[in-house]
Structure formats: C-alpha cells, structure tokens
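Sequential numbering from 1 along the given sequence is applied to the chain's residues.
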Amino acid sequence: MLGQFRALIRRKPLHEAPPAGQQPDNTAFNLRKAEKRHAAWLKSRKLCWRCKKIFRNWHHRDDWGNNVPSLRHHNIADLQRSARSCPICELLFHDLDKSILSRSLLKDQIVRVKSAGLVDVWGDIGTYFVSSTFNSSVHATFNCYRSGSVNRSTNSNASWNLVKEWFNNCEECHESCGALVSERKLPTRLVFVGADDSQLRLSLSQELPKETKYLTLSHCWGGKKFTTLSSENIKEFQSNIPIESLTKTFKDATVITRKLGFRYIWIDSLCIKQDDDKKDWKYEAPLMEQVYANSSLNIAASDSANGDTGCFFERPTSKVLGWKVWSGKDSGKEVWDCAPFNWVWTRFKDNPLGGRAWVHQERALSPRTLHFGAQELAWECRQRRTTETFPVGFGAEFLTTPGSAAFTASLWNDQNRSHILSRWNTIVESYSVGKLSVPTDKLVAISGLSRRFASTFGITYLAGLWKEDLLLYLLWRIGHSNRRPKQHRSEALRAPTWSWASTDSPVWYPSFIRQGHNELLATVAEVAVDSAPDPFVDFKRGYVKLKTDMSGHGLVLELEQQQIYAKFGAKILGETLMSALVYPDYQDHDIGGDVFYLPILRNRMEGYVVVMWGLILQPSIAGDFERVGSFRIDEEDLDAFQCALKEAASLDSHLFERFTEVDEDGNRAYTITII
C-alpha cells in the first residue's frame, strides 16, 4: 500500500556558484550570514539512526527506484515517538495521512524509503522525491538545523525586513528581473496610496511621469459584493477613496505598498469600471500583458478566498516547516534541504488564489510576486523562489514550474519550434485547471500570454491554438474524471469545438506528440476564425477543414475493465478494438451512438510502440462536424482499425458523399469541416 506521506529532499553544495551570466548574490542572502542572523534559534538537533541511513546512502540513490537497496525505516508507532526528537521523522510524521494513524493494524507496519523515480522528470540530479511505503516485512556526522524562522505575523517587522531583503537583492543582482519585456506604458489608472489613508485616491496615468513605479494585486473576488469603480463614483474616487469602504484585502494591499516604499498600486476592480456595459473592461482587458509585465511587484493574496480575509496572518512560531541536514565528510560538507512533499505547491499554487484562471498570467507576466500565505511568506521572481522556511532559496528544479515568472522568462529566447509547442501546451494544461467566474473570459484571461507568444515568435493565434503546427494542437484531451456536462462546453459561444477553450474542463496533451517522430495522417486544407476586432479576446465563428484519406464511423462503448485515464473504447463494424481508448469531451456523451473517427497522426518514439491519435466527431445541425472527443490506438490494433475505417466508409458511402473526392486512380479523399 502506498503511504500518504513523503518528504522532498534536495542536496546542494554548501556554496553554490551562480548560473553563467548571473551576478552572485552579495547581500545577506548567503548561508553564512543567514546562519549568524538566526543564531538565536539555530540549535542543532540529532537525527535518528534510521534517518542518518537515508543520507549516508544518498549517493546510492539511483538504485532506489528499483528498491535496491531497500531502506527500512521505523514502523509507524516508532516514527511517532521518534518525531519528538528527530526532525526528519517529525516532517514525515506530520505529513502523514491522519486516517492511517486511526487504523491500529498499521501501527506495526514498517516504513520503507525509496526514490519515487522522478529525477528524470525534473532533470536536476540534486532532487529526489523520497516516498514511503508500508510493508509487512529506511560513517558521517549529521547535524540538523531549522532552515528558516517563521515570524509570528506576516505583518511583523521581521517579516518586512525579510521581504525588503528579497526585493533589494532581486533589484541589485537579478538582471533579467529588471529587464523590460514590453513597451513601457502605465495602466490607464492607478490608486495613489500616499503617506496614509487620508490621501488614498484614484490617479490618471496621463498625469504621471512615464517612469512611475507601481505594484499590482492578485486576489480572489470570492463571489461577495464589495466596493468597485463605477461611472457613478469615479469622480469621487479621484478626490478620495474612503478607506472604510474597501475590503480587508484592499486595505492590506495599501499598507504593503507603503511599507515597500511605493506610492501607487493597480487593483483591477478599483482601476477598471465594473459597469458601463463593460465598455471600459473591454478596453482594459487587452492591456493586462503590459499592466503586469511593467509592474515592480505583484502582491498575491494567496490564502484569501475573498476580500474579508486579507493578506496578514498570525502563525505559531513553534511550527517547523523545513530543516537543513549538514553532513561532515572527508571531502567537505554537504547540505540537504528537507520539507514536506507538497510544501512547494501549497506555497505557490495549491491555494485559493492559485485556483483562479486569471492568476496564471498574472504570476507569469509579473517580474516578481510576493505571496502572503497563511503558513508563510513566499517570493518568486524570474531567477529565484524563496520562503520564510528557506529564505535563501530551495532549488532550481522548482523555479520553472508552469505559471512561474521564471518559466515564462525562459520562453522568450528559445526559438525551437518543438519547444514552443511543448511550452504552450504546458501553459494550457496548467491554465485550464483554474476556475472562471465568467465563462466567456476563457480566452481573455490568457490573452496577455497569447499576445506575448504571437509577438515573440511571429505565429498566428486561432482561438487558443496556433496556426503553425495546428494539427498537433488539436490533440488535447480530457481525462474521464475531469469531464463536465455538455452544457458547460459553450453556454456562450467563445471558441470552436476543436479548441480546448470551448470546454470548462481541465485539459492535457499527450506527452508523446512533443517528442519522437510524428507521421501526419491529415492536412489542413483551410482554417478561418472570425475574431474581430481582437483575435486574442474575441470569437464569433470559425472552422477548420481537414483533408484525409482515412475516416469512418463507429461507436463509443464503455470499457469493462476501465483504466485510470480512460473508461471508453472504440467499436467499428461490430469489432471492439482492445487497445483503443476514447476520451469524450463531456460527461453526457451518447455512449453507443454513431461517431466519426478522424485519424490525425501516428507517433513513434524510440523504445515505444507506434500510437495513433485522432479526433472523434459528430454531425452538427448545420451539416458540418463538431468535435466531441479524441482517441488513441496502439500498434497492435492499427492495421485492423485502418481496414475497418475504410470498409465502414465504403459500406456507408452515402454518409461521406458530400465530403468525398476521387482522383483519376480511384483513390478517395475526404475534406471534413469542423466548427
């Protein structure tokens, strides 16, 4: 049985050299100064002998994925006792699924520590996920220190000193964080915070110097009514914004702005009129790219589900979230950063704010983001991620996760076509998980990133996809656990059915199509999207015509033995294809009804079987086709599938007559229009 607790351990040299071309950090951000600064609480704690064994065998970790060697740790009862003195046991135990503790039969189960085998995914040889499994049958000196102190409040002097160190270090040492990535242009309006609340007012940027610096705010609206800018109060707000009328999050944001030495902040609902038939919003929405990219810092109210919660939290200072393990060896000292497995995700993404779709581009485009979380403060910029637990940084492998400023910054100098495809697909996968209060914002909320892609790489945007390599972008799919009812697909017309933007469900792309050799089985005969006046925001209608010599109709059936990622298969001419997996786009798919199978490509990777990918279509009311799903078929069934498609098309030629062309040699080709 796979255990529910894991630790994230990163080994790194005592003094890491900066990446090529990057200035070294000469401020308080080095381990020696950090150690002196926190001397009061840097009290050594001893590891238990079983945890020492983990680090003693660290250099043999490449074999752990195969359970060789098998590192036996405490049983659960002993782990609980050891957690009182051993800091690593403490991390493991407190991250343990509490339901396990209530099951007395598991108390004597042994914890076996092994590598989770994800090193190749992250590509950083210093990072390993140490997972724990419960099984009926885990010569150096080690010292362990708290890696960083969590202050009583995110609004304490100590917290502000740390934030200012992060900010000053970034400004002085991170060249890429200060580089302009778009034309320097101020937002239409900014909130002037002044020296105190009495000076709070709305300012027009046309009256300000072009070089005026400002902050931005990312926050959850939370479905509650609160004071916003409108046509009625805009004149009043230009004189004074009553501080008592604002939410706690907005009040805290003004405090943060002043504390960091700034006088202006951009807050969406106070700088964009929320009435006026959305005229002002439609004008401002396309400017989001410049608003966030040109800000000095983005404030993220990460753990605030609505405006009542705010940015400041009280925390117990006794809670330890991370430890540093130091090993004294003949070859010198080594240090490991240790934290609960999900620590990095909850700090930067898995929180109330991270569930908003809009926040994806807000984080990605901002040069710096300061997260105000309930557990601790966290910082991310284009070159670093840090928290109170790890104030000098944790690891480069988590720097470039989707949605981070570093991930986005790494895109713009890479002109490799396959990399562009892969990165955009990764952005879509991450973005599509987020929720939108207004479903028609699907393209709008990512328009800042799509504009940047188009201008940087000179490619053509088509309602969430790109004209270049369009066939590959068509192959998004939805896992069966994420499918949502059909009415959620397009309550208001916002994208063609062949675009992922037509659905509210999280989508993902097959990893194989980004690698290996792709043999295209269709061509794009024509594509047109009417998205005037703004192709990155608006959509009226669109279609794509695909030409292929292979298409036919069949059924979708529910699999008797369902898999984790698919529960439907294909049936053509009465024959069930054993390796075929079908991914309907919505829950109430007509199981057993006729569909058309349209193969798009065959993919071969070295060491892997050939896999065919394609779309599932149904006739539309207008007589064309709509996408209703996607499919994959493995090598073992490819020949049978292709023969069945051709036979089905021949037997039901009347269904294909209006889409069929026959050349002088009698070969058939189909031109299919998908709307």
* Passes side chain to side chain donor-acceptor pair (under 3.5 Å), Ser159 versus Ser156? Steps please. -> CA-CA 5 Å; Ser159 293; Ser156 65; 3.0 Å; yes

* Test side chain to side chain donor-acceptor pair (under 3.5 Å) applied to Asp268 and Trp358, step by step -> CA-CA 11 Å; Asp268 51 8; Trp358 276 96; over 6 Å; no

* Structure fact -> CG of Leu208 to CZ of Arg263, rounded to nearest 0.5 Å, is 14.0 Å

* Using modelled atom types only, decide if a donor and an acceptor are shared between the side chain of Ser499 and the backbone of Pro496 within a distance under 3.5 Å. => no

* To do: With rounding to the nearest 0.5 Å, note down the distance linking CG in Asp469 to CH2 in Trp466.
  => 12.0 Å

* Asked: Just wondering, are more than 12 heavy atoms of other shown residues or ligands nearer than 6.0 Å to CD in Glu232?
  -> no

* How about Trp160 and Leu162: do any of their side-chain heavy atoms sit closer than 4.5 Å? -> no

* Asked: Which value, rounded to the nearest 0.5 Å, describes the distance between Leu246 atom CG and Leu200 atom CG?
  -> 6.0 Å

* Asked: Any side-chain donor-acceptor pair under 3.5 Å between Ser366 and Thr369?
  -> no

* Spatial distance of atom CD (Gln290) from atom CG (Leu186) [nearest 0.5 Å] -> 10.0 Å

* To do: With rounding to the nearest 0.5 Å, note down the distance linking CD in Glu244 to CD1 in Ile241.
  => 11.5 Å

* Please report the C-alpha distance between Lys435 and Arg356 in whole Å, then the side-chain angles of each, then the deciding distance to 0.1 Å, and finally whether the side-chain contact (heavy atoms from CB on, under 4.5 Å) criterion is met. => CA-CA 5 Å; Lys435 304 293 191 301; Arg356 285 184 61 234; over 6 Å; no

* **Main-chain N/O of Lys164 paired to Asn168 side chain as donor or acceptor, under 3.5 Å** => yes

* **Short side-chain donor-acceptor distance under 3.5 Å, Asn425 and Trp508** => no

* Asked: Around atom NZ of Lys225, are there more than 12 heavy atoms of other residues, nucleotides or ligands at under 6.0 Å?
  -> no

* To do: Could you tell me whether Glu376 and Arg315 have a side-chain N and a carboxylate O separated by less than 4.0 Å?
  => no

* Asked: Do Tyr461 and Phe453 have their ring centres less than 6.0 Å from each other?
  -> no

* **Which atom of Cys271 lies closest to which atom of Leu190, heavy atoms considered** => SG-CA, 4.0 Å

* Asked: Quick one: do the Ser531 and Asp538 side chains pair a donor with an acceptor below 3.5 Å?
  -> no

* is_close_aromatic(Tyr292, Trp266), centroid dist under 6.0 Å -> yes

* Is it true that atom NZ of Lys282 has more than 12 heavy atoms of other residues, nucleotides or ligands lying nearer than 6.0 Å? -> no

* **Audit row: Leu297, Leu260, side-chain contact (heavy atoms from CB on, under 4.5 Å) steps and yes/no** => CA-CA 10 Å; Leu297 173 72; Leu260 294 179; 3.5 Å; yes

* Asked: Under 3.5 Å, is there a donor-acceptor pair between the side chain of Gln199 and the main chain of Ala195?
  -> yes

* Asked: Does Asn351 reach the main-chain N or O of Gly354 with its side chain, forming a donor-acceptor pair under 3.5 Å?
  -> yes

* Looking only at non-hydrogen atoms, find the nearest pair between Ile427 and Leu449 and report the distance. => CG2-CD1, 4.1 Å

* **Backbone of Arg494 reached by a side-chain donor or acceptor of Lys442 within 3.5 Å** => no

* Asked: Could Arg385 and Glu380 be called an ion pair, given the rule that one side-chain N must be under 4.0 Å from one carboxylate O?
  -> yes

* **Polar contact flag, side-chain donor to acceptor under 3.5 angstrom, Trp379-Thr387** => no

* Do the side-chain N and O atoms of Arg201 and Ser203 include a donor-acceptor pair separated by under 3.5 angstrom? -> yes

* Asked: Are the side chain of Asn294 and the backbone N or O of Tyr214 linked by a donor-acceptor pair below 3.5 Å?
  -> no

* To do: For Asp196 and Ser198, test the side chains for any donor-to-acceptor distance below 3.5 angstrom and give the result as yes or no.
  => yes

* Asked: Does Arg451 offer a backbone N or O that forms a donor-acceptor pair with the side chain of Ser455 under 3.5 Å?
  -> yes

* Is Ser432 reaching over with its side chain to a backbone N or O of Val507, donor-acceptor style, under 3.5 angstrom? -> yes

* Asked: Under a 4.5 Å cut-off applied to non-hydrogen side-chain atoms, are Arg152 and Glu314 in contact?
  -> yes

* Asked: Are Asn298 and His371 close enough that some pair of their side-chain heavy atoms sits under 4.5 Å apart?
  -> no

* To do: Would you check, one step at a time, whether the test side-chain contact (heavy atoms from CB on, under 4.5 Å) holds for Thr503 with Tyr586?
  => CA-CA 8 Å; Thr503 176; Tyr586 44 84; over 6 Å; no

* **Minimum heavy-atom distance between Ser269 and Phe250, given as atom pair plus value** => OG-CZ, 3.2 Å

* Does the separation of the ring centres of Trp500 and Tyr473 fall below 6.0 angstrom? -> no

* **Pairing of Lys273 and Glu284 as salt bridge, 4.0 angstrom limit** => no

* **Spacing of Ile256 atom CD1 and Ile265 atom CD1 [to the nearest 0.5 Å]** => 7.5 Å

* Under 3.5 Å, is there a donor-acceptor pair between the Gln383 and Ser176 side chains? -> yes

* Do the side chain of Glu175 and the main chain of Cys173 share a donor and acceptor less than 3.5 angstrom apart? -> no

* Asked: Between Thr212 and Pro209, is there a donor-acceptor pair closer than 3.5 Å when you use the side chain of the first and the backbone of the second?
  -> yes

* Please report the C-alpha distance between Glu171 and Arg368 in whole Å, then the side-chain angles of each, then the deciding distance to 0.1 Å, and finally whether the side-chain contact (heavy atoms from CB on, under 4.5 Å) criterion is met. => CA-CA 10 Å; Glu171 277 204 319; Arg368 310 170 184 91; 3.8 Å; yes

* With the side chain counted from C-beta on, respond yes when Thr216 and Ile299 share a heavy-atom pair under 4.5 Å apart, and no when they do not. => no

* For Glu362 and Ser218, does a side-chain donor sit closer than 3.5 Å to a side-chain acceptor? -> yes

* Got Lys467 and Ile459 here, is their nearest side-chain heavy-atom distance under 4.5 Å? -> no

* So do the side chains of Ser304 and Phe372 get within less than 4.5 Å of each other, counting heavy atoms only? -> no

* Kindly give the heavy-atom pair with the smallest separation between Asp308 and Lys224, and that separation in Å. => OD2-NZ, 2.6 Å

* **Distance-only side-chain donor-acceptor flag, His219 / Asn306, under 3.5 Å** => no

* Which atom of Ala454 lies closest to which atom of Phe536, heavy atoms considered -> CB-CZ, 3.6 Å

* Search all heavy atoms of Trp498 against all heavy atoms of Gly542 and return the closest pair with its distance. => NE1-O, 4.3 Å

* Asked: Would you call Asp280-Arg189 a salt bridge at under 4.0 Å N-O?
  -> yes

* Asked: Do the non-hydrogen side-chain atoms of Phe262 and Val193 ever get within less than 4.5 Å of each other?
  -> no

* Asked: Does the side chain of Thr386 reach to within under 4.5 Å of the side chain of Pro391, using non-hydrogen atoms?
  -> no

